[in-house]
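Just so it is clear, the structure is predicted and the values come from calculations on it, not from any experiment. Each ligand, and each atom within it, is numbered from 1 in the order the structure gives.
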Amino acid sequence: MERRMLFPQTGGLVHGGDYNPEQWLDRPDILEEDVRLMKKAGINSATLGVFSWSVLEPEEGEFHFEWLEEIVEKLYRNGIYTVLSTPSGARPAWLDAAYPEAMRVNRIGMRAHHGGRHNHCMTSRKYREKVSIIDRKLAERLGSHPGVMMYHISNEFGGECFCPACVRKFQEYLAEKYEHDIEKLNKAWWAAFWSHRYNSFDQIEPPFENGETSVMALNLEWKRFTTWNTNDFMKQEIAVLRSVTPNVPVTANFMQLFNGLDYRKMAPELDVISWDNYPLFHNDWETFGETMYGTAFQHAVMRSLKRGKPFMMMESAPGLVNWQTVNKVKRPGVHRLACLQAVACGSDTVQYFQWRKGRGSYEQFHGAVVDHMGTDDTRVFREVAEVGELLKKIAPVAGTLLHTRAALLFDWDNRWAIQDVKALSQATKKYEETCIDIWKAFFRLGVDMDVVGSDEDLSCYDVVVAPMLYMLQPGTARNLKAFVERGGQLLATYFTGYVDSDQLCYLGGFPGDGLKELFGIVSEEIDSLYPSDRNGIEMADNSRWEVREYAEILRVHDAQTLGVYTEDFYKGTAAVTCREHGKGKAYYVAARTDADQMLPLFEKMLTDAEIPMRKLPEGVEYHVRSGEEGNFAFYLNCTTREVTLSGVKGRDLVTDREIEDSLTLPGYGVAVVHFV
Ligand code: GLA
Ligand code: ZN
């Protein structure tokens, strides 16, 4: 098997983080000390330049790269490689003063004042021009330096702009999409409703808060446009860098299940996927294990954006953060556990925000490897240094991949459409939570599902779960049908196949587009329950599932009924069905239940698909990465108690001991077991 190491020059796994020397240029002693401390902490990479624009170009057209070059060089001489960021994440004051068009206009049409960050008009010609100039200079000056191993584009893209230039661009985007035929748009948008017909594309405004928000297709197109426009901006940055240094890989740091951008549309432009991971550790509404499982889901989303390559955990907090409602410190041992989880889930990097705490402003109290105290004898520093050691021990993992035969479908379009649809109960739609709960249930069975789009190639999977797939993309139904035909086990739920990609309802019964034939059912009504309402499902094996929030009333045409409702006027009617199709099976679960109650059904699907399960004690995570170096089984104890697992064989790279069968992990303990 091929080994796809991202950064061989680092020796395998990357250990690094955001480094802001521009905040310390008047303290050469501190900049010297940084290098010493980095080496002590086993750091082999630093992310430079993320917000350096006002130091790199203090006046329009006056550039200062010498300080940055000196630092890149010094780090390189000390074995530390640079992730070089373009500075477009925050604009200098001179830029906004000279070109106010770079400042965003908000949802009620008001232009922002200068300040903050991540708040640029992505359409602004002047802003794009200024970004291109500085990116080109950066690449020319530093892109070929042997210490530069990657470009980091801007920072955490996100947000919308309603300025006149963006409105015009949106109109052009729509004209292109609907082939310059306004009647095509009127038809797709069901425009005769409330007299919402347009005569020309230039009459269309985005969904201003005090404007048109009642056309579902318009709202969705605006979201699609925002992704398209942000992507267009990002592509422009990438094109400039590639024109100078075509061989330096590029990434852009994504965020946890970010709602504002469809990352699947942006992923193909990047060489490597990276993301910023900030779990709410030790919160008071879920167990620590639940928080960790939720994070494993987030890693799976990122991993699946580029199957076939490791991803990067570009940021994480070495200690605490400063922006959560309660900024609780990670308990001893949790840092190591969370870092190893990232690697276990397919990351080849453990990177932090930030290396050293700044003295002032918004993030002065955000955790860092080096505290204001400035020493290496802090708990946080020691834990980071320990991770540095550990990453060296498990370096053979670099370049290996997770191979899974199960996938969960999650679409941004579907997510946006569900958020916006005027139906169900506004408070309990919970598309994301439903996906995460089901993903976690499979995870409890030892199955690390990928998270993929409904129009992606499913040929490498044997089990696919598609929760609440309300909107079908043009190829989705065909994709799912082909998947079942060739032997796949498919499970869909209530609220599947109601609308097409313009959000027009399918006629003739849901789920539409041929799915009612695939599942052998039609959903005639959907009942939304009040928070305290309950129904139940009695399964053929006499087990009972509790139903809350949603229950569809089905007509069964050509499927086996596996469970029926126990209450209300639809008592005794089908709630869970299965239809055999080709070599596979299509399950339909018509009501919302806890995912854990569906475990027997999931086990049946996995058994039929011959996917091995590995049930471990609650709170113990298990992931396997494989490659030409063999297999690496990660065991993570996400509890504070000691656990002993049996059936473990191989060499634990953490302790460098051979495990014959039984593995004991202390609270928050980790093992990386290498086996052939
Ligand atoms: C984000 C940003 C960083 C920093 C951290 C703080 O991830 O990318 O610049 O603000 O949050 O947690
Ligand atoms: Zn704009």
Side-chain angles (χ1 to χ4, degrees), residues 16-20 22-23 46-53 83 85-91 96 99-112 116-128 131 152-173 205-206 208 222 225-226 228-230 232-233 251-258 260 274-281 298 302 312-325 327-330 338 351-358 361-369:
D18 277 29
Y19 179 36
N20 300 107
E22 66 274 18
Q23 297 172 17
T47 306
L48 287 166
V50 182
F51 298 111
S52 305
W53 199 338
V83 173
S85 179
T86 64
S88 60
R91 304 178 310 280
D96 286 348
Y99 312 108
E101 61 171 72
M103 295 180 279
R104 268 187 196 157
V105 169
N106 72 8
R107 205 169 259 279
I108 49 170
M110 194 189 286
R111 177 88 60 187
R117 61 170 183 177
H118 302 168
N119 52 9
H120 337 287
C121 167
M122 295 302 186
T123 304
S124 161
R125 212 172 41 81
K126 272 294 171 191
Y127 176 56
R128 285 187 177 219
V131 169
H152 172 295
I153 311 296
S154 203
N155 197 62
E156 294 191 336
F157 282 116
E160 305 171 338
C161 175
F162 291 74
C163 80
C166 284
V167 173
R168 240 186 343 271
K169 205 165 175 191
F170 179 49
Q171 292 163 348
E172 286 160 15
Y173 160 92
E205 287 192 321
F208 280 104
W222 175 247
F225 165 77
T226 298
W228 177 84
N229 200 26
T230 306
D232 189 56
F233 179 91
T251 191
N253 51 340
F254 288 165
M255 292 172 276
Q256 163 167 338
L257 217 59
F258 183 59
S274 67
W275 81 287
D276 301 344
N277 178 23
Y278 295 102
L280 296 155
F281 286 123
Q298 304 291 342
M302 296 296 160
M312 302 170 75
M313 179 168 73
M314 183 61 81
E315 291 181 23
S316 61
L320 39 60
V321 299
N322 70 328
W323 49 264
Q324 287 166 353
T325 337
N327 297 298
K328 196 159 178 172
V329 301
K330 279 193 265 181
Q351 292 159 283
Y352 310 122
F353 181 87
Q354 53 189 334
W355 166 252
R356 183 186 280 275
K357 278 186 191 175
S361 219
Y362 198 85
E363 289 182 331
Q364 65 192 133
F365 293 109
H366 192 292
V369 181

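Every residue two or more places apart in sequence or in another chain that forms a ring pair (Phe, Tyr, Trp, His ring centres under 6.0 Å) with Tyr352 is listed here: His15, His335. Under the salt bridge (Lys or Arg N to Asp or Glu O under 4.0 Å) criterion, Arg128 pairs with Asp232, not counting sequence neighbours. The salt bridge (Lys or Arg N to Asp or Glu O under 4.0 Å) check on Arg117 picks up Glu363, with sequence neighbours excluded.
Near-neighbour remark for the Zn ion (ligand 2): protein N, O or S atoms under 2.8 Å are Cys121 SG, Cys161 SG, Cys163 SG, Cys166 SG; waters not counted.
Here is the list of ligand 1 atoms found below 4.0 Å of a heavy atom in Asn155: 2 (C), 8 (O), 9 (O). Under a 4.0 Å criterion applied to the non-hydrogen atoms of Glu156, ligand 1 contributes the atoms 1 (C), 2 (C), 7 (O), 8 (O).
Between Asn155 and Ser85, the side chains place no donor N or O within less than 3.5 Å of an acceptor N or O (distance only, hydrogens not considered).
Under a 4.0 angstrom heavy-atom cut-off, Phe51 registers as being in contact with ligand 1. At least one heavy atom of Arg117 sits closer than 4.0 Å to an atom of ligand 1.
Counting only heavy atoms of the protein, atom 4 (C) of ligand 1 lies nearest to Glu363 OE2, 3.2 Å. Nearest to atom 6 (C) of ligand 1 among the protein's heavy atoms is His366 NE2, 3.1 Å.
Taking any N or O of Glu315, backbone or side chain, at least one lies under 3.5 Å from an N or O belonging to ligand 1. When only interatomic distances are considered, the shortest N/O to N/O separation between Trp323 and ligand 1 falls below 3.5 Å.
Heavy atoms only, all atoms of each residue included: Pro318 and Phe353 are closest at CD-O, 3.3 Å. Here the shortest heavy-atom pairing between Tyr127 and Cys121 reads CD2-O, 3.6 Å. Ser88 approaches Ser154 most closely through the heavy-atom pair OG-OG, 2.8 Å.
Contact check for Glu22 versus Trp53: no side-chain heavy atoms found under the 4.5 Å cut-off.
For the pairing with Trp275, the side-chain contact (heavy atoms from CB on, under 4.5 Å) check across Met255, Gln256, Glu315, Met312 returns one residue only, Gln256.
Atoms CD and CG, from Glu160 and Asn229 in turn, are 11.0 Å apart once rounded to the nearest 0.5 Å.
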